Trainee: 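Dropping the structure in here first, questions after.
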Amino acid sequence: MFQEDMAGSPPSCPSAFAAPRLYPSVLAARLKMTSKEQRKQWEAEQKTLAALRVQEDLLDWSCEDGFPDLHRVAGVDVSFFADGTYAIATVVVLSFPQLKVLWERSAAFRLSVPYVPGFLAFREVPALAQLMDSVPCALKPQVVLVDGNGAFHPRGCGAATHLGITVDLPTIGVAKDVLKVGEVNSSLARRVSLTLAPGQWASLCEVAALFRPRMGKPLVVSPGHRISLETALQLTRAICGTSAPEPVRQADLRSRRAVKAWHAGQEVEYLSNPRLRHLERVQAVQELAEQGELRTSERVDVTRSKCKWQVKAPVVPQVEEDTRTWGSILFGWMCVCMSRDGQP
DNA sequence: GCGACAG
DNA sequence: ATCTTGTCGC
């Protein structure tokens with residue numbers, strides 16, 4: 001049990017949190033604080049949930065041209081206060097294909113768990129799941145895009161998968177950096193990205209692909225829950241703006257805005273104990289699974305899967321002519337420089 | 001012992 | 001994740 005769970009009341013005054021910024025050291029200290037017992041428990045939960053992951057399309061919308069039955073997509077994100085003890089979780093629901101924001105909710109919560117690579121979900125998903133619960137039925141999203149990984153994870157259970165299973169919605173993981181999973185790492189991804197023109201993608205392994213937006217860093221796309229990698233990629237491409245999928249961009253923008261608003265002294269909604277509520281929820285999911293009420297599926301072991309890095313051109317090219325911008329060209333050049341450093 | 005490591 | 005300015009363009 002983390003001490004923070006005992007803290008009761010919401011923060012009421014920004015000036016009360018003028019704590020010094022100790023990011024690197026605080027992180028290092030907390031990382032060591034995470035006991036081996038805790039890690040084992042987390043790993044066990046991830047394995048249990050990974051076994052419940054539905055890896056094929058289980059959707060209420062069609063994947064055919066233009067996704068005719070898809071009307072609402074959601075994005076989620078978390079932004080942090082400078083003192084590292086509070087954060088704001090945001091859920092946004094957008095219309096499809098217009099990609100206009102239909103609904104938003106942002107709320108502050110106390111961070112009760114450190115960030116440990118491979119265990120992001122335990123830090124961010126409880127608050128996000130609680131917010132997802134409050135989405136009005138009429139606005140319930142048909143798919144959720146998560147900042148992070150889905151099945152592309154050492155135990156097949158990244159934050160997108162964790163969230164998808166606990167709220168029982170299709171999810172897609174979109175990560176800005178490459179988590180090391182088996183043979184896949186950032187240097188492999190860098191080599192693959194050099195072969196990618198804007199708008200193209202290439203697979204990294206069975207459950208992850210690298211997608212190059214028109215501008216900016218390539219994204220790691222992996223299915224979270226109730227969706228295939230193919231469909232996840234297809235949809236991500238369809239809703240990707242210039243550098244990121246619109247739902248995650250909106251969630252990012254709005255959660256940061258909420259942090260700034262907080263700093264400016266505005267009242268912000270507060271979630272009391274997302275982690276404790278989430279523990280009960282996960283338990284409920286596991287019990288349902290034991291009773292056979294939940295569908296289970298075979299887990300793909302990323303670690304043992306071979307890398308297929310053949311480049312595949314997009315079905316519908318997003319960039320017809322050479323409309324590459326300065327930033328895009330500069331990025332390509334930086335990639336070349338970085339790969340030179342990386343090569344013997 | 002040191003480095004790696006989604007957000 | 002967070003720390004950060006000016007600047008160019010619509």
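Source: prediction; values computed, not measured.
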Trainee: Does a donor on one side chain and an acceptor on the other come within less than 3.5 Å for S134(A) and R105(A)?
Mentor: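 Yes, because at least one side-chain N or O of S134(A) sits under 3.5 Å from a partner of the opposite role on R105(A).
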
Trainee: Nearest whole Å is fine: how far is dG7(B) P from N149(A) CG?
Mentor: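 It works out to 7 Å between those atoms.
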
Trainee: What stem regions, each of at least 3 consecutive Watson-Crick or G-U pairs below 3.5 Å, can be found for DNA chain C?
Mentor: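 None - DNA chain C has no stem of 3 or more consecutive pairs.
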
Trainee: Any stacking of Y115(A) on dG7(B), going by centres under 5.5 angstrom and planes within less than 30 degrees?
Mentor: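 Stacked: centres under 5.5 Å apart, planes under 30°.
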
Trainee: Where does DNA chain B pair, written as one dot-bracket string 5' to 3', with Watson-Crick or G-U pairs under 3.5 Å, ( ) inside the strand, [ ] for crossing pairs and | for another strand?
Mentor: .......

Trainee: By side chain to side chain donor-acceptor pair (under 3.5 Å), which residues pair with K176(A), not counting sequence neighbours?
Mentor: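 Result, side chain to side chain donor-acceptor pair (under 3.5 Å) vs K176(A): D147(A).
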
Trainee: Starting at CD1 of I172(A) and ending at P of dA6(B), how long is that distance when rounded to a whole Å?
Mentor: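 In whole Å, dA6(B) P and I172(A) CD1 are 21 Å from each other.
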
Trainee: OP1 or OP2 of dG3(B) versus the side-chain N and O atoms of K180(A): is any pair under 4.0 Å?
Mentor: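 The answer is no; no side-chain N or O of K180(A) sits under 4.0 Å from OP1 or OP2.
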
Trainee: Take the protein atom CG of D147(A) and the nucleotide atom C1' of dG7(B), then report the distance between them rounded to whole Å.
Mentor: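 Checked: the CG to C1' distance equals 7 Å.
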
Trainee: Which pairs with one or both residues in residues 162-196 of chain A pass ring-ring contact (aromatic ring centres under 6.0 Å, His included), sequence neighbours excluded?
Mentor: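 Qualifying pairs, neighbours excluded: F122(A)-H162(A), H162(A)-H278(A).
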
Trainee: For R249(A), what residues pass the side chain to side chain donor-acceptor pair (under 3.5 Å) criterion, not counting sequence neighbours?
Mentor: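 Testing R249(A) for side chain to side chain donor-acceptor pair (under 3.5 Å), a comparison that skips the adjacent residues, returns E246(A).
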
Trainee: What is the distance, to the nearest angstrom, from the CZ atom on R257(A) to the P atom on dT2(C)?
Mentor: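 Result: 15 Å.
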
Trainee: Give the rounded distance in Å between these two atoms: CZ of R249(A) and C1' of dG7(B).
Mentor: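 Nearest whole value for this atom pair: 19 Å.
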
Trainee: Which nucleotide in the set dG7(B), dC3(C), dA6(B) lies at the smallest distance from any side-chain heavy atom of A82(A)?
Mentor: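 Nearest nucleotide to the side chain: dC3(C).
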
Trainee: Among T231(A), D60(A), D57(A), D168(A), which residue meets the side chain to side chain donor-acceptor pair (under 3.5 Å) test with R226(A)?
Mentor: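 Running side chain to side chain donor-acceptor pair (under 3.5 Å) over T231(A), D60(A), D57(A), D168(A) with R226(A) returns exactly one hit, D168(A).
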
Trainee: Taking only residues two or more places apart in sequence, or in another chain, which ones meet W103(A) in a ring pair (Phe, Tyr, Trp, His ring centres under 6.0 Å)?
Mentor: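 So W103(A) forms no ring pair (Phe, Tyr, Trp, His ring centres under 6.0 Å) with any residue.
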
Trainee: Answer yes if the side chains of Y86(A) and R110(A) hold a donor-acceptor pair under 3.5 Å, and no otherwise.
Mentor: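 Judged by distance alone, the side chains do pair up.
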
Trainee: Please pick, from dC5(B), dA6(B), dT2(C), the nucleotide with the shortest atom-to-atom distance to any side-chain atom of P117(A).
Mentor: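 Ranking dC5(B), dA6(B), dT2(C) by closest atom to the P117(A) side chain puts dC5(B) first.
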
Trainee: Expressed in angstrom and rounded to an integer, what is the separation of F80(A) atom CZ from dA1(C) atom C1'?
Mentor: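 These atoms are roughly 5 Å apart.
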
Trainee: Among pairs that include at least one residue of residues 125-135 of chain A, which meet salt bridge (Lys or Arg N to Asp or Glu O under 4.0 Å), considering only residues two or more places apart or in two chains?
Mentor: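 Output for this query lists D133(A)-R281(A).
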
Trainee: Could you check whether A159(A) gets within reach of a base, just the sugar-phosphate, or nothing at all, counting any heavy atom under 4.0 Å?
Mentor: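 A159(A): base contact, heavy atoms under 4.0 Å.
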
Trainee: Please list, chain by chain and in numerical order, all residues satisfying side chain to side chain donor-acceptor pair (under 3.5 Å) with N185(A), sequence neighbours excluded.
Mentor: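 For N185(A), the residues satisfying side chain to side chain donor-acceptor pair (under 3.5 Å) (neighbours in sequence not counted) are S187(A).
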
Trainee: Within the 4.0 Å heavy-atom criterion, would you say V178(A) contacts the bases, only the backbone, or no part of the nucleic acid?
Mentor: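 Sugar-phosphate contact only.
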
Trainee: Could you check how far CG of L219(A) sits from P of dA6(B), rounded to whole Å?
Mentor: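 It works out to 15 Å between those atoms.
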
Trainee: Side-chain N or O of R123(A) less than 4.0 angstrom from OP1 or OP2 on dA6(B)?
Mentor: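 Answer is no, no contact under 4.0 Å.
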
Trainee: Applying side chain to side chain donor-acceptor pair (under 3.5 Å), can you list everything that pairs with R254(A), at least two apart in sequence or on another chain?
Mentor: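 Residues passing side chain to side chain donor-acceptor pair (under 3.5 Å) with R254(A): E104(A), Q250(A).
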
Trainee: Once you apply a heavy-atom cut-off of 4.0 Å, does F119(A) come out as touching a base, just sugar-phosphate, or nothing?
Mentor: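 Here F119(A) touches the bases of the nucleic acid.
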
Trainee: Can you tell me the distance, in whole Å, between the CG atom of D177(A) and the C1' atom of dA1(C)?
Mentor: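 That distance rounds to 11 Å.
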
Trainee: With heavy atoms under 4.0 Å as the rule, sort G118(A) into base, sugar-phosphate or nothing.
Mentor: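 Result for G118(A) = base.
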
